[in-house]
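Below is one structure, written out as structure tokens; the observations come after it.
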Amino acid sequence: MLICLMPFLKLGLSATVIQGVQAMGYREPTPIQLRAIPLVLAGQDVIGSAQTGTGKTAAFALPILSQLGEHSREPRVLVLEPTRELAAQVETAIRDLARFTKLTVAVIYGGVGYGKQNDALRDGVDILVATPGRLLDHLGRGTCRLNAVKYLVLDEADRMLDMGFLPDVKRIVERCPQKRQTMLFSATIPPEIDTLIRWAMQSPQTVQIGIRRSPAETVKHAVYPVAEDQKAELLCEMLKRVDYNSVIVFCRTKQRADRISRLLSRDNHAVAVLHSNRTQREREQALRGFRDGLYEILVATDIAARGLDILEVSHVVNYDVPQHPEDYVHRIGRTGRAQATGEAFTLMVAEDAQHMYAIERFIGQKIVRVKLENYDYHYTALFDMDKPGQPAAHERRTRGVRLSGGYFCGPVRKRR
Ligand code: AMP
């Protein structure tokens, strides 16, 4: 048993933590673990330029757990996360890895009562995973103190910036002791994060796991041009023909997510919805049901796109083209994880063409345009685009004829 864990043993992790690694079934450290673990063990501040799916949670959790020693009452580790779902997921991952230690973990986020969180804090906790808003509430009420924090992890820092949490994060950092080790993970380092790094970290070492601009190689992806009035119908038709296990359908707005989920339910699919207008209980129930296979389709807004570790998603459908190219990579990151292969389909209407080009520029590759075979398409100017030697459709007038040249007819398989 220990022989197959040699690569982890060589990193210098503690015996109880190695037991946790073994129970998780990990065999080899991922690249970010290989590079970040020795730095964290050496007491360095670390910037991890890496996305979720790279094993970054264990990259900071394993060396921290290895060094914490015995249980004590005040939080010595604080992990800040941008969303409740990520906080819950990271808490579970740390709890799993720490299961052979005596260390305790608690999670703190908004949208739920204070009771359980107060109890956990009163009982004494070693590792606290929290979203910024609720943590500040606890700090204000005096139910939580950060005076003993030795390890501070700012996870998904760019996401916290996007969500407007940076001022809250700064207030929280100010409540932590100056003498501490700080780790920051961010897929991108925009100037605001750079400023935070210079303010909150000391001589940090950067571990860059090739900012993954391109989606995982295990994902096959395709764009389905379609007229706006046929979008919903095309989605239903695709889902009839695709041989899928589990699908996440991403929509631009909460309203669209609700509408699409109703439509798919009417089409006899088992559907869960995840967006920020739903209560915490509904969100948890949706995620759990989807993970457990109760629902085959999860319709979500971008809140679910980053970080959520949902295994074995066979298909991602972008019902709407993401407006930010990075979001395409994040959304597609839900499929083709680890060794699994997945497929990612994007429905594109004419007004999304520019966003699609931006995505292709960002990932440095052209995504194949596909038409469903024997589907009665309404005309869209998109069908004239992307043919060799032709100007882009947005530069021409619509001619009102149906064309199908230049298209590849569906990789979509019949369902078993
Ligand atoms: P993360 O990037 O932390 O969200 O991790 C993504 C997934 O990779 C999670 O399901 C982890 O349990 C898994 N994972 C992390 N480290 C390893 C490893 N060394 N070997 C196999 N799976 C891992």
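Everything numeric in this text was worked out from a predicted model, so none of it was measured. Numbering of ligands and ligand atoms starts at 1, following listing order.
A side-chain hydrogen bond (donor to acceptor under 3.5 Å, both in side chains) check over residues 198-207, counting only residues at least two apart or in different chains, returns the pairs D194-R198.
A distance-only check finds no donor-acceptor pair linking the side chain of T301 to the backbone of R252 [under 3.5 Å]. Not one N or O on the side chain of T143 forms a donor-acceptor pair closer than 3.5 Å with the backbone of L139.
Ligand 1 has a nitrogen or oxygen under 3.5 angstrom from a nitrogen or oxygen of G55. Of the N or O atoms in R27, none lie within a sub-3.5 Å distance of an N or O in ligand 1.
The existence of a salt bridge linking E70 and R76 is excluded, since no basic side-chain nitrogen approaches an acidic carboxylate oxygen closer than 4.0 Å.
In F8, the part holding a heavy atom less than 4.0 Å from any atom of ligand 1 is the side chain. Using a 4.0 Å cut-off between heavy atoms, Q33 contacts ligand 1 through its side chain alone, with no backbone atom that close.
Of all atoms in ligand 1, listed by their number and element, those nearer than 4.0 Å to a heavy atom of T57 are 1 (P), 3 (O), 4 (O). Taking a cut-off of under 4.0 Å to the non-hydrogen atoms of E28, the atoms of ligand 1 that pass are 18 (C), 19 (N), 20 (N).
A search for ring-ring contact (aromatic ring centres under 6.0 Å, His included) contacts involving H355 returns nothing, not counting sequence neighbours.
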